[in-house]
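The chains referred to below are lettered A, B, ... by the order of the sequence lines, with proteins before strands, and numbering in each begins at 1.
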Protein chains: 2
Amino acid sequence: MPKRVDHAERRTEIAEALVRVAGHRGLHAVGMRDVAAEAGVSLRLVQYYFETKEKLLLFGLEHLTGKFGERLAARIRAAGDGPGPRAMVEALLMTALPTDEESRVLHHLYTSYAVLAVTDRTLAAQPFIKDPDVAEAALTDILLQAQDADLLQPGVDARLTAAGLLAMSAGLGTSILVGQRSPESATAVLDDHLDRVFRTVDAAS
Amino acid sequence: MPKRVDHAERRTEIAEALVRVAGHRGLHAVGMRDVAAEAGVSLRLVQYYFETKEKLLLFGLEHLTGKFGERLAARIRAAGDGPGPRAMVEALLMTALPTDEESRVLHHLYTSYAVLAVTDRTLAAQPFIKDPDVAEAALTDILLQAQDADLLQPGVDARLTAAGLLAMSAGLGTSILVGQRSPESATAVLDDHLDRVFRTVDAAS
DNA sequence: ACGATGCTGATACGGCCGTATCATCAAAGG
DNA sequence: CCTTTGATGATACGGCCGTATCAGCATCGT
């Protein structure tokens, strides 16, 4: 059996074409023909690898969350060898902010899928809906550790604070996306909030 | 000239039909025919009052922001005659949370429009994009007043805090919408955060 | 009263979109 | 070598959607 090309790779290429075209025309406006053209292949090929549009969109979503995960990992890695809890938390939250073109597209499409998930039960059942839950768990964990190390302000509820931070980060992301706020001001808002969660630990006595 | 019906009223009826159908099938899935059927009128009528679909959608958006404003006003009014700053802030933020069916639809469609606005310059130019800005200004104002009355925790930056609260509220709203979080837990998160902004002023010494 | 005119309804048109069909090509196994 | 099977391309089909067209109706000014 001639298996001249790697299926998985091809699917990824097409998914990236989908992400690209959805990135500037909007997810609602992408058609199979657009994806095929963007990927430089024939319509038939797209059909061949993804029998139906729904499957294509689903795979595109998976691809998206994958890229998001990579981004997050890279950020945490870049936060330093033994990053303090606060740096870790910042890395986590900043990743969700659309600061450059790639993250803009990520956030935009992620939100598009979320909106569709409200009325589409197949999408609603997709794991990306509960991905934030694991993010929340991870963040809660970090905060609890920080609390044990007496790094937090007194009276902070780790669980509620984690949820609040994540929600704020998502909300700020949307604000940036629609051009209502600059990435810098969003960062300032986030930092201000973190100042009220973490103890001020700067070198100055 | 026979002007048997009130144009504005008819347009409102149709817009509400649009909101209803978009509410459960999703904004992307509504067609002129659906709107006409839901409103109990002919397709031609919808065309008559809104020459084009784009204009219908635009008017639907205006209608939506109008309803949202009413809701907000009602909430503030219901907050009491001389509501304390905290009650006022809570009323403001809770309004943005999709707690019942109507607010669910409001939030859902508002987000849908926001996503469309990312790639549609006509929508991006619409005032609803900057409406949150006036909300932020109003909230900042309330916080500043509260600060003057020494009702806030020390070190709170009113502007940044207002922005953060609004973003958090929006983010929590989306979480509720996609079924990731219950309205109750969202309220708990918000309240927890408010506890860290406002001085604890309960009767107990 | 009656015609001009705002209003309403049924139906047709062109286009795009997702999907299906059919034919062809390339390579691996016997 | 040649057949089988995976891979690819060109093209057709049915359906829906936004919009346009055309005919009929109800009402107000005179």
Side-chain angles (χ1 to χ4, degrees), chain A residues 1-61 109 112-113 116 119-123, chain B residues 1-61 109 112-113 116 119-123:
Chain A
M1 312 107 166
K3 195 176 196 172
R4 298 142 54 247
V5 305
D6 182 1
H7 270 222
E9 192 179 334
R10 267 268 210 251
R11 285 168 68 92
T12 300
E13 282 172 23
I14 295 177
E16 275 181 348
L18 162 66
V19 168
R20 269 195 308 274
V21 50
H24 39 184
R25 294 221 278 268
L27 189 61
H28 68 283
V30 326
M32 311 242 101
R33 287 167 173 84
D34 304 292
V35 175
E38 175 72 30
V41 300
S42 77
L43 168 61
R44 180 63 180 87
L45 200 76
V46 179
Q47 284 188 205
Y48 184 74
Y49 283 98
F50 308 91
E51 286 119 47
T52 184
K53 185 184 184 180
E54 188 183 7
K55 292 181 182 173
L56 170 60
L57 290 180
L58 248 27
F59 185 82
L61 177 55
L109 297 187
S112 300
Y113 276 111
L116 290 185
T119 50
D120 183 324
R121 51 190 66 253
T122 305
L123 272 177
Chain B
M1 312 109 167
K3 193 178 199 170
R4 299 141 54 244
V5 305
D6 182 1
H7 270 222
E9 191 180 333
R10 267 270 210 249
R11 285 169 66 92
T12 300
E13 282 173 22
I14 295 177
E16 275 182 349
L18 163 65
V19 169
R20 271 195 306 275
V21 51
H24 38 183
R25 294 220 279 265
L27 189 61
H28 68 284
V30 327
M32 311 242 101
R33 287 166 173 85
D34 305 292
V35 174
E38 174 72 28
V41 301
S42 76
L43 168 61
R44 180 65 180 84
L45 199 77
V46 179
Q47 284 187 199
Y48 184 76
Y49 283 97
F50 308 91
E51 287 119 47
T52 185
K53 185 184 185 181
E54 186 183 9
K55 291 181 182 172
L56 170 60
L57 290 181
L58 248 28
F59 185 82
L61 177 56
L109 296 188
S112 300
Y113 276 112
L116 290 185
T119 49
D120 184 323
R121 51 189 67 252
T122 306
L123 272 177

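Going from atom CD of A:E51 over to atom P of C:dA20 covers 9 Å, rounded to whole Å. In this structure, A:L57 places its CG atom 9 Å from P of C:dG18, rounding to the nearest Å. Going from atom CE of A:M32 over to atom P of D:dT11 covers 21 Å, rounded to whole Å. In this structure, NZ of A:K55 is placed 14 Å from C1' of C:dG18, rounded to the nearest angstrom. Rounded to an integer number of Å, the gap from CD of A:E54 to C1' of C:dT19 is 14 Å. Per the geometry, NZ belonging to B:K53 stands 15 Å off P belonging to D:dA20, to the nearest Å. If you measure from atom CD1 of B:I14 to atom P of C:dT8, you get 9 Å, rounded to the nearest angstrom.
One finds no side-chain N or O of A:R33 lying less than 4.0 angstrom from the OP1 or OP2 phosphate oxygen of C:dG15. The phosphate of C:dA10 (OP1 or OP2) has no side-chain N or O of B:S42 nearer than 4.0 angstrom. Here B:Y48 reaches the OP1 or OP2 of C:dC7: one of its side-chain N or O atoms lies under 4.0 Å away.
Closest to the side chain of B:H7, out of C:dT8, D:dT8, C:dC7, is C:dC7. The side chain of A:Y49 lies closest to D:dT8, out of D:dT19, D:dT8, C:dT8. With D:dA7, D:dG9, D:dT19 as the candidates, the nucleotide lying closest to the side chain of A:R44 is D:dG9. Set against D:dT19, D:dG9, C:dT19, the side chain of A:Q47 has C:dT19 as its closest nucleotide.
The aromatic rings of A:H7 and A:Y49 lie perpendicular to each other, with more than 60° between the two planes, well past the 30° mark.
When each of A:V30, A:L61, A:I14 is tested with A:L56 by the rule side-chain contact (heavy atoms from CB on, under 4.5 Å), just one qualifies, namely A:I14.
Along DNA chain D, the nucleotide nearest B:L43 and the nucleotide nearest A:L43 are compared for position; the residue whose nucleotide lies closer to the 5' end is A:L43.
Counting heavy atoms from C-beta outward, A:V35 and A:M32 have side chains that stay 4.5 Å or more apart.
In this structure, the separation between CD on B:E13 and CG on B:D6 is 9.5 Å, given to the nearest 0.5 Å. To the nearest 0.5 Å, the span separating OG1 on A:T122 from CG on A:L58 amounts to 7.0 Å.
Residue contacts for B:F50: at a heavy-atom cut-off of 4.0 Å it reaches no nucleic acid atom on any strand shown.
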